[in-house]
Amino acid sequence: MRHLSKLILACALITGCATAPAGPPKWLTDAQDAVASAQAAGAAQVPAAQEHLQKAQTALTAAQSGKGDAQMNASLATAEAQLAGNLAKQSKAQADLQGATDQLNRLKAQ
Amino acid sequence: MTTQTSKTLAVAVLALAVLAGCSTLNPSPDLVAARSGYAAMANSTNPANAAERGQAQQAINKANAMLNGGNEQTAQQLAQIANLKVQNAQVVGDTADAEARLVATQNEAISIARAKGMAAAGVTAAASAATSATQQQISAEQAAIANAEAQRQKALNTLKLFANVVEDKERGLVISIGGETLFKTNSAKFGPSANQELTALAVYLQLDPRPTVVEGHTSNTGTPAYNMKLSQERAKGVMDYLIAQGVSPDRITSVGFGETRPIADNKTKAGRALNRRVDVVMVKAVK
């Protein structure tokens, strides 16, 4: 009987500990990921992208604080960050193209 | 002023007042810019920014719906997001164009260097390396697109095991699942096999990013009011399940049509069974 009581107590403890706390909602992690991606793409170093990255960070902070419409702020952060990241990629592609064009022109002139 | 003129004036004033009351709100500058920017690329077939164009369209639709619903503040916020998504699609498309031109330019430079018999080995090697890297990136992107399409097709084939799937020219892709398959009789509660089928549906929806409408339909058994409520609850139940499975709430809505849209004869048992259904409509892109 004593063993049975211990077994029941152990089961109860395990069950009690098995419930993991809920993580942040997907719309918030999406926004965090988008801001991180924009930073990784070099948005902070590209003037056209910088402004959007800052707006994304501001909106993400607002979403994380839970003030106002958090989901709307997260959506805004995601949209701003995606634009910032892609502007950075566009800047790199254009710079690469300009370099290749200059090289081509030099070759033609030689 | 004559009596007749006064009456005419009063009627005109009344008509204007009624019209003003019925008119929708004016779109914000963001929404105007988003609509205009999207219209400029609506006919684009560039696969490089197809996903971003789809997201932009969804965002505009959402802002339009909110504006028509009279919620001006939310409409403005959604319009701001829609405008960003339109700009994003434009940037992604322009970047793909620049990358394609880069490959062409580098190839031309290599050809010229070789034709001139130049010992510009460093220049050529650098250009070759850059070209190779860009081409590898493009190949990887193409492989990813092909892989995504293969996964989408596989998920669609799984759906066809229990759903009727039709590509409708007007509506888009219609995935029709029998009500008896999903729900308990006369109830919006899911039946025992619903979990497996809705999970397969959720998997497909995550591979096909089109805006989605979940429609509930019933047979004519019961009162129209009861059927309308049941169809709404069932459609919403399916939508909520799909959202819980990871489908973005931004792209999915639900609507109940009750017994108003039968697809078969309600006089027969088989016909009524066909009419009790949930249609998941992957909305055709609007140009």
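Throughout, a chain's letter reflects where its sequence line sits, starting with A, and its residues are numbered from 1. What you see is a predicted model; the values in this text were computed from it and never measured.
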Completion exercise
Of the listed A/R106, A/K108, A/Q90, the one with the largest count of heavy-atom pairs under 4.5 Å with chain B is A/Q90
Fill in the blank from the handout: Heavy-atom nearest pair, A/A81 first then A/A38, reads O-CB, 3.4 Å
Practice task
Counting only heavy atoms closer than 4.5 Å, note whether B/S248 contacts chain A via side chain, backbone, both or neither.
Solution key: neither
Exercise for the section: Side chain from CB out, backbone as N, CA, C, O: work out which of these in A/K92 comes under 4.5 Å of a heavy atom of chain B, or both, or neither. Expected result: neither
Practice task
State, to 0.1 Å, how close B/Y38 and B/V86 come at their nearest heavy-atom pair, and which atoms those are.
Solution key: N-CG1, 3.7 Å
Exercise for the section: List the steps and the verdict of side chain to side chain contact (heavy atoms under 4.5 Å, CB included) for B/V283 and B/R210. Expected result: CA-CA 6 Å; B/V283 180; B/R210 283 181 278 182; 5.8 Å; no
Practice task
May I ask you to list the residues in residues 52-76 of chain A that approach chain B closer than 4.5 angstrom, counting heavy atoms only, ordered by number?
Solution key: A/H52, A/Q71, A/M72, A/S75, A/L76
Practice task
Give the intermediate values and the outcome of side chain to side chain donor-acceptor pair (under 3.5 Å) for residues A/D102 and A/Q98.
Solution key: CA-CA 6 Å; A/D102 292 345; A/Q98 187 59 53; 3.0 Å; yes
Practice task
Go through the steps for B/M282 and B/R251 under the test side chain to side chain contact (heavy atoms under 4.5 Å, CB included), then give the verdict.
Solution key: CA-CA 10 Å; B/M282 315 288 292; B/R251 58 171 283 208; 3.6 Å; yes
Problem - Considering all heavy atoms, the nearest B/L67-B/P27 contact - result: CD2-CA, 3.7 Å
Exercise for the section: Locate the shortest heavy-atom distance separating B/N195 from B/T199; write the atom from each residue and the value. Expected result: O-OG1, 2.7 Å
